[in-house]
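This one's a predicted model, so the numbers in the text were calculated from it and none came from an experiment. Chain letters run A, B, ... following the sequence lines, proteins first, then strands; residues in each count from 1.
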Protein chains: 2
Amino acid sequence: MPAGPIAPPIAPLTQMMAEYSDPSQCPVRNVLDQLGDKWSVLIITALAHRPYRFGELKREISDISQRMLTQTLRDLQADGLIERTVFPTTPPSVEYKLSPMGRSFLVPLSAMVDWAFEHFPAIREARQEFAKAA
Amino acid sequence: MPAGPIAPPIAPLTQMMAEYSDPSQCPVRNVLDQLGDKWSVLIITALAHRPYRFGELKREISDISQRMLTQTLRDLQADGLIERTVFPTTPPSVEYKLSPMGRSFLVPLSAMVDWAFEHFPAIREARQEFAKAA
DNA sequence: CAGCATCCAGGCTGATACTG
DNA sequence: CAGTATCAGCCTGGATGCTG
């Protein structure tokens with residue numbers, strides 16, 4: 001069985017495969033479900049720069065609805081990726097920032113982002129080619 | 001502006017942010033939309049080992065429906081991540097395998113998988129903590 | 001064996017209106 | 001300012017039955 005160019009990555013992938021049977025128990029499923037949603041990555045990306053208040057985020061990610069912003073922030077907080085701090089001023093102010101774990105997530109995320117930028121032209125070409133063939 | 005522990009990743013993330021306005025034009029959106037779906041990663045993972053035939057994949061990923069398998073395979077093929085080869089035997093046989101680009105994708109994917117495995121315990125804890133607080 | 005067409009339920013998502 | 005609540009549309013995704 002020739003190893004091919006990328007032997008190392010396969011080990012964890014195999015492990016994932018073994019554990020996927022119950023999606024709720026699969027670490028990768030759990031992470032990708034979060035990533036896959038429409039807004040998590042954008043929020044994490046914004047928070048990679050600096051802490052934001054709710055309204056600031058709303059403006060930064062202009063086309064997110066208030067509901068989705070609230071919901072996604074809560075989910076990210078529940079997973080421990082971001083920290084929420086309430087300042088009991090009047091009017092109240094709430095700050096969101098990446099937790100240490102959230103910051104550590106930027107590493108694999110940026111690897112994905114790099115790959116996406118590098119290969120997106122090829123993907124676009126492939127899609128056009130595929131559409132033409134059909 | 002202190003750089004913090006992970007300065008490098010932020011650059012591409014910023015770039016992503018700048019281009020996200022039109023989701024269909026955002027490389028990251030495009031890639032993550034594919035990743036985010038329920039089956040792509042599992043299929044890519046399976047194909048990381050060796051080429052598979054349709055029925056083999058169906059059995060390997062036992063709880064995928066035929067429809068979703070067909071559809072996901074087609075999407076991945078359209079993006080140029082996998083290659084489809086038809087052997088005109090009777091009965092027909094179709095083989096799926098990762099393209100070179102598909103194999104290159106294993107690198108960032110495995111980074112995500114590694115991160116997921118490493119931090120999943122902490123995420124589970126955070127969720128329980130969060131649920132308790134609420 | 002591999003794949004398509006149809007039907008259908010459920011969840012995601014946004015718009016809107018209201019609260020502390 | 002920072003949310004919550006309710007409602008309605010859409011689209012994903014599964015089950016079933018049929019074709020080459």
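- Contact annotation: B:Arg59 does not reach the phosphate of C:dA2 (side-chain N/O to OP1 or OP2, under 4.0 Å).
- The main-chain N or O of B:Met68 is found under 3.5 Å from a side-chain atom of B:Ser65 such that the two form a donor-acceptor pair.
- Note on A:Phe87: nothing from the nucleic acid sits closer than 4.0 angstrom, heavy atoms only.
- B:Leu32 CG to A:Leu109 CG: the interatomic distance, rounded to the nearest 0.5 Å, is 7.5 Å.
- Here the straight-line distance linking atom CZ of A:Arg67 with atom CG of A:Leu69 works out to 12.5 Å at 0.5 Å rounding.
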Counting primed atoms plus P, OP1 and OP2 as sugar-phosphate and everything else as base, spell out the protein contacts along nucleotides 13-20 of chain C at 4.0 Å heavy-atom distance: B, S or - for each nucleotide, 5' to 3'. BB--B--B
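- Atom CD in B:Gln34 sits about 10 Å away from atom P in D:dG13, given to the nearest Å.
- Between B:Arg53 and the phosphate of C:dA2, there is a side-chain N or O to OP1/OP2 separation shorter than 4.0 Å.
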Protein-nucleotides 9-11 of chain C N/O pairs closer than 3.5 Å?
none

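- Here the P atom of nucleotide D:dG3 and the CD atom of A:Glu56 are 13 Å apart, to the nearest Å.
- Considering CD1 of B:Ile64 and CG of B:Leu57, their distance stands at 8.0 Å, rounded to 0.5 Å.
- The side-chain contact (heavy atoms from CB on, under 4.5 Å) test applied to A:Ser99 returns A:Glu83, A:Met101, not counting sequence neighbours.
- Between B:Phe105 and A:Trp115, the angle of the ring planes goes over 60°, which puts this pair in the perpendicular group of the 30/60° scheme.
- A salt bridge is defined here as a Lys NZ or Arg NE, NH1 or NH2 lying under 4.0 Å from an Asp or Glu carboxylate O, and A:Arg50 with A:Glu56 meets this definition.
- Atom-to-atom distance recorded for B:Leu81:CG and B:Ser104:OG is 8.0 Å, nearest 0.5 angstrom.
- One can place NZ of A:Lys58 at 12 Å from C1' of D:dA2, the figure rounded to the nearest angstrom.
- To the nearest 0.5 Å, atoms CD (A:Gln34) and OG1 (A:Thr72) are separated by 7.5 Å.
- At whole-Å resolution of the value, CG in A:Asp33 and P in D:dG13 are 10 Å apart.
- In this structure, CG of B:Leu57 is placed 10 Å from P of C:dG3, rounded to the nearest angstrom.
- Rounded to whole Å, the distance from CG on B:Leu69 to C1' on D:dT12 is 16 Å.
- Distances shorter than 4.0 Å separate none of the side-chain N or O atoms of A:Tyr52 from OP1 or OP2 on D:dC1.
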